[in-house]
Undergrad: 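Below are the structure tokens for one structure; questions will follow.
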Amino acid sequence: CWGGAKVVHLASESDFGATVVIHGSLLTDELVGAVQCPVYFMPSIEDASPEPLKAILDKKPFGHKCKYHVFEKMIHGFAAGKGDWNDPATKEAVDMSISESV
């Protein structure tokens with residue numbers, strides 16, 4: 001959630017090779033525009049569409065390295081406190097988000 005904004009902020013100020021944001025919020029065009037490395041955005045269906053972020057990042061030299069995956073059957077916070085990790089679909093989405101992040 002708000003951690004996604006913190007990750008994006010750090011990616012604009014620090015020397016990261018890449019970052020991952022899972023169901024991030026509070027992401028502004030200005031914040032995303034300052035990013036200096038590829039980002040993998042993984043929002044839930046309840047989160048804002050990554051398309052406006054993609055439009056900004058596509059203009060960056062590393063834009064082709066950014067990735068986007070919308071978890072269309074997950075709620076905001078599925079990989080954190082709001083997720084029911086006993087639910088097989090949630091576990092599958094969380095496992096996928098972890099394996100894609102490494």
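The first residue in the sequence is number 1, and the count goes up from there.
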Undergrad: If you define the side chain from C-beta out and look only at heavy atoms, does anything of L27 sit under 4.5 Å from F41?
TA: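 They are in contact (side-chain heavy atoms under 4.5 Å apart), so the answer is yes.
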Undergrad: So if you build clusters from Ile, Leu, Val, Met, Phe, Trp, Tyr with side-chain heavy-atom gaps below 4.5 Å, do V70 and V39 land together?
TA: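 Per the 4.5 Å side-chain linkage, V70 and V39 are not co-clustered.
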Undergrad: Report the distance from atom OG1 of T19 to atom NE2 of H9, rounding to the nearest 0.5 Å.
TA: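 These two atoms lie 13.0 Å from each other.
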Undergrad: Does the side chain of K73 come within less than 4.5 Å of I45's, by heavy atoms?
TA: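 They are not in contact (no side-chain heavy atoms under 4.5 Å apart), so the answer is no.
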Undergrad: Excluding sequence neighbours, so at least two apart, what forms ring pair (Phe, Tyr, Trp, His ring centres under 6.0 Å) with H69?
TA: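 Counting only residues at least two positions away or on another chain, H69 forms a ring pair (Phe, Tyr, Trp, His ring centres under 6.0 Å) with F71.
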Undergrad: Identify each donor-acceptor pair in which a side-chain atom of residues 51-62 lies under 3.5 Å from a protein atom, sequence neighbours left out, and give them as a table.
TA:
| unit_1 | atom_1 | unit_2 | atom_2 | d |
| --- | --- | --- | --- | --- |
| K54 | NZ | D58 | OD2 | 2.8 |
| K60 | NZ | G33 | O | 2.4 |
| K60 | NZ | V35 | O | 3.1 |

Undergrad: Of all heavy-atom pairs between H76 and E46, which one has the smallest distance, and what is that distance?
TA: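 Shortest heavy-atom separation between H76 and E46 comes out as N-OE1, 2.9 Å.
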Undergrad: Of the non-hydrogen atoms in Q36 and A34, which two are nearest, and what is the gap between them?
TA: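 That would be NE2-O, 2.9 Å.
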Undergrad: With a 4.5 Å cut-off on side-chain heavy-atom distances among I, L, V, M, F, W and Y, is there a chain of contacts connecting Y68 to F16?
TA: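 They do not share one cluster, since no chain of ILVMFWY contacts under 4.5 Å joins Y68 to F16.
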Undergrad: Would you compute the distance between atom CG of D15 and atom SG of C37 and round it to the nearest 0.5 angstrom?
TA: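 So the gap between those two atoms works out to 8.5 Å.
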Undergrad: Quick one: are H23 and M74 in side-chain contact, heavy atoms under 4.5 Å?
TA: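 When only atoms from C-beta onward are counted, M74 and H23 do not touch, as no gap falls below 4.5 Å.
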Undergrad: For residues S101 and M42, report the shortest heavy-atom separation together with the two atoms involved.
TA: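 Taking S101 first and M42 second, the nearest heavy atoms are OG-CE, 3.5 Å.
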Undergrad: Identify the two heavy atoms, one from A48 and one from P43, that lie closest to each other, and give their separation to 0.1 Å.
TA: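 Answer, listing the atom of A48 first, then P43: O-CB, 4.1 Å.
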Undergrad: Of the non-hydrogen atoms in D84 and T90, which two are nearest, and what is the gap between them?
TA: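 Closest heavy-atom pair between D84 and T90: O-CB, 3.2 Å.
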Undergrad: State whether the side chain of W85 and the backbone N or O of F78 hold a donor-acceptor pair below 3.5 Å, judged by distance alone.
TA: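 Indeed, once roles are kept as given, a pair shorter than 3.5 Å links the two residues.
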Undergrad: Backbone N or O of A11 within a donor-acceptor pair of the E13 side chain at under 3.5 Å?
TA: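 The answer is no, because no donor-acceptor pair under 3.5 Å joins these two groups.
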